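Keep in mind that this is a model prediction, so the values were computed, not measured. First the proteins, then the strands, lettered A, B, ... as listed; each starts at 1.
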Protein chains: 2
Amino acid sequence: MKRSLETIQYDKKAEALAMYAKALSHPMRVSILNYLENQTCCYTGDLVDVFPLAQSTISQHLKELKNAGLIQGELKPPKIKYCINQENWAIAKELFNRFFD
Amino acid sequence: MKRSLETIQYDKKAEALAMYAKALSHPMRVSILNYLENQTCCYTGDLVDVFPLAQSTISQHLKELKNAGLIQGELKPPKIKYCINQENWAIAKELFNRFFD
DNA sequence: AAAACCAATCGTAAATTTGCGATAATAAAA
DNA sequence: TTTTATTATCGCAAATTTACGATTGGTTTT
């Protein structure tokens, strides 16, 4: 896109909130997080069984959630166990709480 | 994108949360909402003065927030006064509250 | 060492998002 | 009625997102 030359500087909290919101902006990713909240943890394969999306697509969504810091993966060869990252989860929770007054 | 033929059916609340999250997924839109929370209401022109983005771009962001239901516009010719849509705001707040346990 | 298992990454394609300038639309004011 | 003020919309271009199948990369069995 034709961008302004200088990158716009936004408020740090606004940027952080937008970052987490972006991670939550797809129903599949919200569903994954809901699933994780109930199951405590899960493997990629569990999600592939539950949701009608290709394994590679689900893996991509997991990657985005991981990049946003909302989940973390633990090597449990040959599987990978994903859990919610409680620390960042709390940060996001606080951000949204404050945002919505 | 190459989509599955049948559209995937997600949980209604997951879809609603994702919809609101999408509206919040850009720092400019978060900034607009922060501004609106402090000022109660504002005109498009106010935002054009405050933020270094083209008027058309800001108008587009406002449109997205309106489509998501988070704000509403009141004709105040020749201006348009934007306010937070309290009803939907409360719904979104509740959704995020529940989501983050 | 070879085979099997599971998940990440690559390559690709289509859709969507973001941004801008230019133009249109609407209503008030002159 | 013409001009002015304000905001929305259009048309375009670049970037990003979403999705898939195919391939690769680690580990563990065999």
Rounded to whole Å, the CG-P distance (B:Leu24 to C:dT17) equals 14 Å

Round to the nearest Å and state the distance from A:Glu64 atom CD to C:dT9 atom C1'.
14 Å

Examine the base of D:dA8 for any acceptor or donor lying under 3.5 Å from a partner atom in the side chain of B:Gln55, and report the outcome as yes or no.
yes

Whole angstroms only, please: what is the CE-P distance between B:Met19 and C:dT16?
17 Å

Checking D:dT7, D:dT18, D:dC20 against the side chain of B:Tyr82 (C-beta onward), the nearest is D:dT7

Kindly say if A:Thr57 contacts the phosphate of D:dC20, meaning a side-chain N or O under 4.0 Å from OP1 or OP2.
yes

With a 4.5 Å cut-off on side-chain heavy atoms, are A:Asn85 and A:Leu70 touching?
no

Run the numbers on B:Trp89 and A:Phe99 for ring pair (Phe, Tyr, Trp, His ring centres under 6.0 Å), then give the verdict.
CA-CA 11 Å; B:Trp89 188 265; A:Phe99 179 76; 5.4 Å; yes

Measuring to OP1 and OP2 of D:dA19, would you say a side-chain N or O of A:His61 lies under 4.0 angstrom away?
yes

Rounded to the nearest Å, what distance is computed from the CD1 atom of residue A:Ile8 to the P atom of nucleotide C:dT18?
12 Å

Send over the distance from A:Gln72 CD to C:dA8 P, rounded to a whole Å.
14 Å

All heavy atoms of A:Ile80 vs all of A:Gly73, minimum pair found to be CG2-CA, 4.1 Å

Distance in angstrom units between A:Lys79 NZ and D:dT29 P, rounded:
12 Å

Would A:Phe100 and B:Phe96 satisfy ring pair (Phe, Tyr, Trp, His ring centres under 6.0 Å), going step by step from the backbone distance to the final call?
CA-CA 9 Å; A:Phe100 282 110; B:Phe96 280 97; 5.5 Å; yes

In terms of heavy-atom contacts, A:Ser31 and B:Tyr10 come closest through OG-CD2, 3.5 Å

Whole-Å distance separating the CD1 atom of A:Ile58 from the P atom of C:dA8
11 Å

Which one, C:dT18, C:dC20, D:dT7, comes nearest to the side chain of B:Leu53?
C:dC20

Proximity to DNA chain C (any heavy atom under 4.0 Å), residues of residues 38-48 of chain B only
none

Inter- and intrachain pairs under ring-ring contact (aromatic ring centres under 6.0 Å, His included), touching residues 41-88 of chain A, at least two apart:
A:His26-A:His61

Are A:Lys79 and A:Thr44 packed together at the side-chain level, in the sense that at least one heavy-atom pair is separated by less than 4.5 angstrom?
no

Using a cut-off of 4.0 Å on non-hydrogen atoms, how would the nucleic acid contact of A:Gln60 be classed: base, sugar-phosphate, or nothing?
base

Could you tell me the separation between the CG atom of B:Leu75 and the C1' atom of C:dA25, rounded to a whole number of Å?
12 Å

Regarding the side chain of B:Ala54, the nearest nucleotide among D:dT6, C:dC20, C:dT18 is C:dC20

For D:dT17, does either OP1 or OP2 sit under 4.0 Å from a side-chain N or O belonging to A:Lys22?
yes

